[in-house]
Amino acid sequence: MKTEFVPILVLVMGALCVTAQMVDPREAKCLICKATLTEMDKAISKVDPRKKAEVGNFRIDATGDSGAKRLVPLVKSEMYLTELMEEICESMDDYAKARFKKDGKFTILKFITDEGMNPLVSEVDFVQDGDLNKSLKHYCLEVLEDYEVEILKLYMADEPVKEADYKVCTAAARYCDDPAPQEEYTLEEDEDEESDRREEL
């Protein structure tokens with residue numbers, strides 16, 4: 001967290017904190033899991049797509065051959081992703097537990113966005129639960145440790161990363177109960193299916 005924002009955050013928290021409330025750990029893990037992947041996506045989007053990394057079999061066999069190597073985008077390399085996962089939970093210092101004033105719905109809110117102070121700050125009451133939000137970083141680390149293989153497989157795949165939060169937080173970790181995303185289809189595909197049905201009739 002940037003030091004220049006600390007006095008502002010202290011004032012905000014002091015003005016909006018509510019009394020201690022119990023927070024469902026599973027609900028908190030769901031939101032933190034999603035926030036962690038969002039922070040990863042944001043960090044990856046800032047990397048120059050022209051940067052490459054050499055990957056392949058770096059073990060030397062009996063003949064002295066280390067095997068074939070290839071260049072991949074840096075953000076698709078295990079080295080880069082592992083380093084990112086080791087650092088990304090520091091971003092949880094910028095978040096706090098809160099409940100929306102209008103309906104009491106629990107959320108974790110990032111104080112400072114790329115545009116400045118998060119406008120939703122005025123719409124929530126911050127939850128003071130005794131751990132000073134330390135559990136946010138703890139849950140982030142837990143997600144990355146328990147589902148490292150799934151996350152690496154997803155982000156190292158050749159195809160673009162899609163529905164990362166569902167695949168990790170719901171399908172793998174079962175922290176969330178989000179419905180499966182619907183498959184995308186084009187109008188042309190829809191028309192082809194309709195034409196096929198008519199031919200069958």
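Since we're looking at a predicted model, the values are computed, not measured. These numbers come from the heavy atoms of this one structure, side chains and all, not from hydrogens, waters or symmetry mates.
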Practice item. Following the transitive rule for hydrophobic clusters with a side-chain heavy-atom cut-off under 4.5 Å over Ile, Leu, Val, Met, Phe, Trp and Tyr, establish whether Ile88 and Val168 coincide in one cluster. Key: yes

Practice item. Determine whether Met92 and Val23 fall in the same hydrophobic cluster, where Ile, Leu, Val, Met, Phe, Trp and Tyr are linked whenever their side-chain heavy atoms lie under 4.5 Å apart. Key: yes

Check your understanding: Among Val121, Val127, Leu31, which one satisfies side-chain contact (heavy atoms from CB on, under 4.5 Å) with Leu109?
Key -> Val121

Check your understanding: How about Cys33 and Cys176: are their SG atoms under 2.5 Å apart?
Key -> no

**Study point:** Residues, nucleotides or ligands: over 12 heavy atoms within 6.0 Å of Lys153 NZ
**Key:** no

Check your understanding: Charged N to carboxylate O below 4.0 Å: is that the case for Lys134 and Asp93?
Key -> no

Review point. Got a donor-acceptor contact below 3.5 angstrom from the Asp125 side chain to the Lys101 backbone?
Key: no

Exercise for review: Might you confirm whether atom CZ of Arg174 has over 12 heavy atoms from other residues, nucleotides or ligands at distances under 6.0 Å?
Suggested key: no

Check your understanding: Can Val161 be reached from Val72 by stepping across I, L, V, M, F, W or Y side chains whose heavy atoms are under 4.5 Å apart?
Key -> no

Exercise for review: Tell me yes or no: between the side chains of Glu39 and Tyr95, is some donor less than 3.5 Å from an acceptor?
Suggested key: yes

Point to revise | Donor on one side chain, acceptor on other, Lys97 and Ser135, under 3.5 Å | key: yes

Review point. Any chance the rings of Phe126 and Phe111 have centres within less than 6.0 Å?
Key: yes

Exercise for review: Evaluate the criterion side chain to side chain contact (heavy atoms under 4.5 Å, CB included) for residue pair Met117 and Ile112; output intermediate values, then yes/no.
Suggested key: CA-CA 5 Å; Met117 180 68 74; Ile112 309 299; 4.0 Å; yes

**Study point:** Salt-bridge contact Arg26-Asp24 (side-chain N to carboxylate O under 4.0 Å)
**Key:** no

Exercise for review: Indicate if Ile44 and Leu154 have the same hydrophobic cluster label, given that clusters are the connected sets of ILVMFWY residues with side-chain heavy-atom separations under 4.5 angstrom.
Suggested key: yes

Practice item. State whether Lys46 and Asp41 are salt-bridged, where the test is any N-O pair (Lys NZ or Arg NE/NH1/NH2 against Asp/Glu carboxylate O) under 4.0 Å. Key: no

